[in-house]
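Let me begin by presenting the structure, written as structure tokens, before commenting on it.
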Amino acid sequence: MDRYLVFGHPVRHSKSPFIHTLFARQTQQELEYGLAEPAVDEFAQALRTFFDQGGKGCNVTVPFKEQAFTLVDRLSPRAKRAGAVNTIKLTDDGVLLGDNTDGAGLVADLKSHGVTLADSRILLLGAGGAARGALAPLLAELPSELVIANRTHAKAQQLAAEFCDLGPVTAQTYEQLAGPFDLVINSTSASLQGELPPLAPALIHTDIAIYDMMYGTSDTAFISWAKQHGARQTMDGLGMLVEQAAEAFTVWRGIRPGTKQVLRELKRNLGVI
């Protein structure tokens with residue numbers, strides 16, 4: 001039976017085995033999917049061993065995405081742009097192909113919620129790996145402007161400069177931000193600590209769409225804050241998790257699974273519905 005894994009540290013909390021088992025059942029694919037939690041300095045060896053022993057593909061999560069970028073034989077265009085790999089496939093000719101499905105998962109989830117990206121003004125909070133992975137897919141949707149804001153302004157400027165060939169992307173400090181924005185995406189990990197980006201409440205209005213890449217069994221700190229200031233449409237990253245997994249499954253198996261029922265099952269599993 002074809003074997004797949006998710007590598008991370010820590011990774012025991014991962015819902016990827018749950019998601020991919022449902023995808024396999026839905027598409028009638030014979031595979032097994034497990035977890036691997038090597039020490040941070042043992043990832044390269046663990047990855048090689050997995051494929052040497054017949055592994056067909058894997059997902060890669062924190063803190064190994066940048067390291068995986070350097071370990072594969074070939075990179076997809078979106079992995080090159082993202083500077084990180086979250087999906088690896090062993091091709092028929094024995095090549096380890098590195099891909100990045102995070103941005104595609106984000107865009108798919110936004111669209112599933114009815115968010116219009118074309119001609120919209122988007123604010124992206126954060127300039128780390130999550131933001132980098134999202135930029136090219138977001139700009140491909142032809143927004144009117146995409147503004148990056150980050151606590152360290154120089155990082156936002158560097159990121160905007162790297163992606164400005166793809167569309168109208170600029171960097172601003174939090175103090176410079178002026179609305180209205182149609183969509184705000186929080187790519188920072190602040191919600192994991194119950195913290196907030198330093199965003200002015202005046203930027204929130206009733207018609208804005210708020211997206212937090214983090215998720216939990218209740219509203220994240222950022223979503224709670226946005227609701228308190230009048231945002232009516234808020235979304236967390238649980239749908240992105242399922243959509244990026246579906247993209248990875250498609251890379252591996254050549255068949256696209258449906259995501260709506262799997263997302264419902266995942267929410268039930270987490271106790272959020």
Side-chain angles (χ1 to χ4, degrees), residues 78 81-82 100-150 153 155-157 159-188 190-191 196-215 219-220 222-244 246-247 259-260 263:
R78 57 190 179 183
R81 273 291 185 178
N100 191 303
T101 66
D102 285 332
L106 169 65
V107 168
D109 192 37
L110 286 165
K111 289 183 175 180
S112 76
H113 284 95
V115 176
T116 299
L117 298 172
D119 296 321
S120 64
R121 190 162 185 252
I122 300 173
L123 173 58
L124 180 62
L125 307 180
R132 178 180 291 274
L135 274 168
L138 285 171
L139 289 169
E141 297 297 318
L142 305 178
S144 62
E145 184 182 15
L146 194 155
V147 177
I148 305 170
N150 189 57
H153 183 52
K155 285 189 69 176
Q157 289 178 307
L159 206 54
E162 286 185 40
F163 285 84
C164 65
D165 61 310
L166 298 183
V169 55
T170 60
Q172 296 181 15
T173 66
Y174 278 96
E175 293 74 25
Q176 290 172 327
L177 294 174
F181 289 99
D182 301 299
L183 169 65
V184 178
I185 300 170
N186 181 22
S187 77
T188 75
S191 287
L196 293 169
L199 194 66
L203 291 172
I204 306 301
H205 55 87
T206 55
D207 293 326
I208 202 168
I210 297 292
Y211 195 99
D212 195 338
M213 289 189 186
M214 301 298 109
Y215 64 89
D219 284 346
T220 67
F222 184 63
I223 285 177
S224 293
W225 175 86
K227 284 182 175 179
Q228 289 168 12
H229 290 94
R232 290 187 299 199
Q233 184 176 19
T234 59
M235 301 150 279
D236 68 15
L238 196 60
M240 176 181 171
L241 175 69
V242 174
E243 293 291 351
Q244 67 80 23
E247 187 78 9
T259 55
K260 290 183 179 179
L263 180 56

Answer yes or no: is there an ion pair linking R78 with E247, defined by an N-O contact shorter than 4.0 Å?
yes

Side chains of P137 and L106: does their closest heavy-atom pair fall under 4.5 Å?
no

Would you say the side chain of E162 lies within less than 4.5 Å of the side chain of L135, judging by non-hydrogen atoms?
no

Any side-chain heavy-atom pair of R232 and D207 under 4.5 Å
yes

Take E145 and F181 through the side chain to side chain contact (heavy atoms under 4.5 Å, CB included) test and state the conclusion after the steps.
CA-CA 9 Å; E145 184 182 15; F181 289 99; 5.6 Å; no

Rounded to the nearest 0.5 Å, what separation is found between the CG atom of N150 and the CG atom of L125?
9.0 Å

For the OG atom of S191 and the CG atom of L196, what is their distance to the nearest 0.5 Å?
7.0 Å

Heavy atoms, side chains only, cut-off 4.5 Å: are D102 and M213 in contact?
no

Just how far is it from atom OH of Y215 to atom OG1 of T220, taken to the nearest 0.5 Å?
12.5 Å

Minimum side-chain heavy-atom gap I223-N186 below 4.5 Å
no

Note, L117 side chain near L183 side chain (heavy atom, < 4.5 Å):
yes

Candidate pair L110 and L138, rule side chain to side chain contact (heavy atoms under 4.5 Å, CB included), full reasoning
CA-CA 10 Å; L110 286 165; L138 285 171; 4.2 Å; yes

Do you know which of L124, L123, V184 makes side-chain contact (heavy atoms from CB on, under 4.5 Å) with V147?
L123

Does the side chain of F222 come within less than 4.5 Å of M214's, by heavy atoms?
no

Please name the pair of heavy atoms, one in R132 and one in F163, separated by the smallest distance, quoted to 0.1 Å.
O-CZ, 3.8 Å

Can you label the angle between the H229 ring and the W225 ring as parallel, tilted or perpendicular, going by 30° and 60°?
tilted

Atom CG of D212 and atom CE of M235: how far apart are they, to the nearest 0.5 Å?
10.5 Å

Derivation and outcome, side chain to side chain contact (heavy atoms under 4.5 Å, CB included), residues T234 and D219
CA-CA 9 Å; T234 59; D219 284 346; 5.6 Å; no

Run the numbers on E141 and I122 for side chain to side chain contact (heavy atoms under 4.5 Å, CB included), then give the verdict.
CA-CA 11 Å; E141 297 297 318; I122 300 173; over 6 Å; no

